[in-house]
Colleague: 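Got a structure for you, questions after.
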Amino acid sequence: RIRELMEEMKLKKIPGRSWTEADGKSRSFYVNEHTEETIQKWKTVSEDIIAAGYIPDHSCVMHDYESAEEELVHLGSHSEKIALMWAMLNSKPEDPLLVLNNLRTCADCHEAVKWISKVYNRKITVRDASCFHHFENGSCSCHEYY
């Protein structure tokens with residue numbers, strides 16, 4: 001019903017977009033704007049963080065999928081995860097990572113980035129629409145306020 005009202009009022013949803021920089025190159029990504037490289041990186045990273053204890057938050061998936069694997073792939077299509085995968089692929093393991101996001105970070109992305117910071121021993125900063133999140137060793141500076 002809300003989508004219908006938005007259409008009647010000629011309102012459009014702002015698409016999720018994230019920006020990052022690595023190795024002197026900047027990139028921006030919209031939701032679902034992934035490459036084969038970033039898809040493969042998300043598959044590897046998601047396997048690693050799930051093995052460490054990450055539990056995907058399927059409430060952040062707005063569509064019905066036939067399998068948990070399809071849902072996990074969809075969760076990897078959020079712009080901040082795509083940007084983070086690209087930054088990980090194009091930086092040194094010791095480099096801190098920065099992702100800027102035009103929307104508020106969803107619960108699953110927040111949880112996934114916490115686990116990525118822990119498993120890969122990375123310092124990651126995500127700036128979303130409400131605040132800066134500094135992730136390190138599996139913790140976030142927002143103390144779960146996001």
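If you read the sequence from its start, that first residue is 1, and numbering goes on from there. In this text, all values refer to a predicted model and were calculated from it rather than measured experimentally.
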Colleague: Between T20 and L100, is there a side-chain heavy-atom distance shorter than 4.5 Å?
Modeller: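 No. Closest side-chain heavy atoms not under 4.5 Å.
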Colleague: To the nearest 0.5 Å, tell me how far K41 NZ sits from K81 NZ.
Modeller: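 Output value for this atom pair is 15.0 Å.
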Colleague: Considering residues at least two apart in sequence or located in another chain, which fulfil the salt bridge (Lys or Arg N to Asp or Glu O under 4.0 Å) criterion with K114?
Modeller: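 With neighbours one apart ignored, the set is E111, E144.
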Colleague: Tell me whether D95 is salt-bridged to R122, with the criterion being a basic N under 4.0 Å from an acidic carboxylate O.
Modeller: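 No, D95 and R122 are not salt-bridged.
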Colleague: Please examine the side chains of L97 and L84, heavy atoms only from C-beta on, and report whether any two atoms are closer than 4.5 Å.
Modeller: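 Contact flag for L84/L97 side chains = yes.
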Colleague: Assess whether side chain to side chain contact (heavy atoms under 4.5 Å, CB included) is satisfied between S79 and Y30, documenting all intermediate values.
Modeller: CA-CA 5 Å; S79 65; Y30 285 100; 5.7 Å; no
Colleague: Test side-chain hydrogen bond (donor to acceptor under 3.5 Å, both in side chains) on S139 and N137 and set out the steps.
Modeller: CA-CA 6 Å; S139 295; N137 298 319; over 6 Å; no
Colleague: To the nearest 0.5 angstrom, please state how far the CD atom of Q40 sits from the OG1 atom of T35.
Modeller: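 So the gap between those two atoms works out to 9.5 Å.
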Colleague: Taking the inter-plane angle between the rings of W42 and Y54 on a 0 to 90° scale, is it parallel (under 30°), tilted (30 to 60°) or perpendicular (over 60°)?
Modeller: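 W42 vs Y54 ring planes: perpendicular.
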Colleague: Do V45 and M88 make a side-chain contact, defined as non-hydrogen atoms from C-beta onward lying under 4.5 Å apart?
Modeller: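 SC-SC contact between V45 and M88 confirmed.
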Colleague: With a 4.5 Å cut-off on side-chain heavy atoms, are E33 and S28 touching?
Modeller: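 Side-chain contact under 4.5 Å: no.
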Colleague: State whether a side-chain donor-acceptor pair under 3.5 Å links H110 with T105.
Modeller: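 Their side chains do not contain a donor-acceptor pair, so the 3.5 Å distance test is not met.
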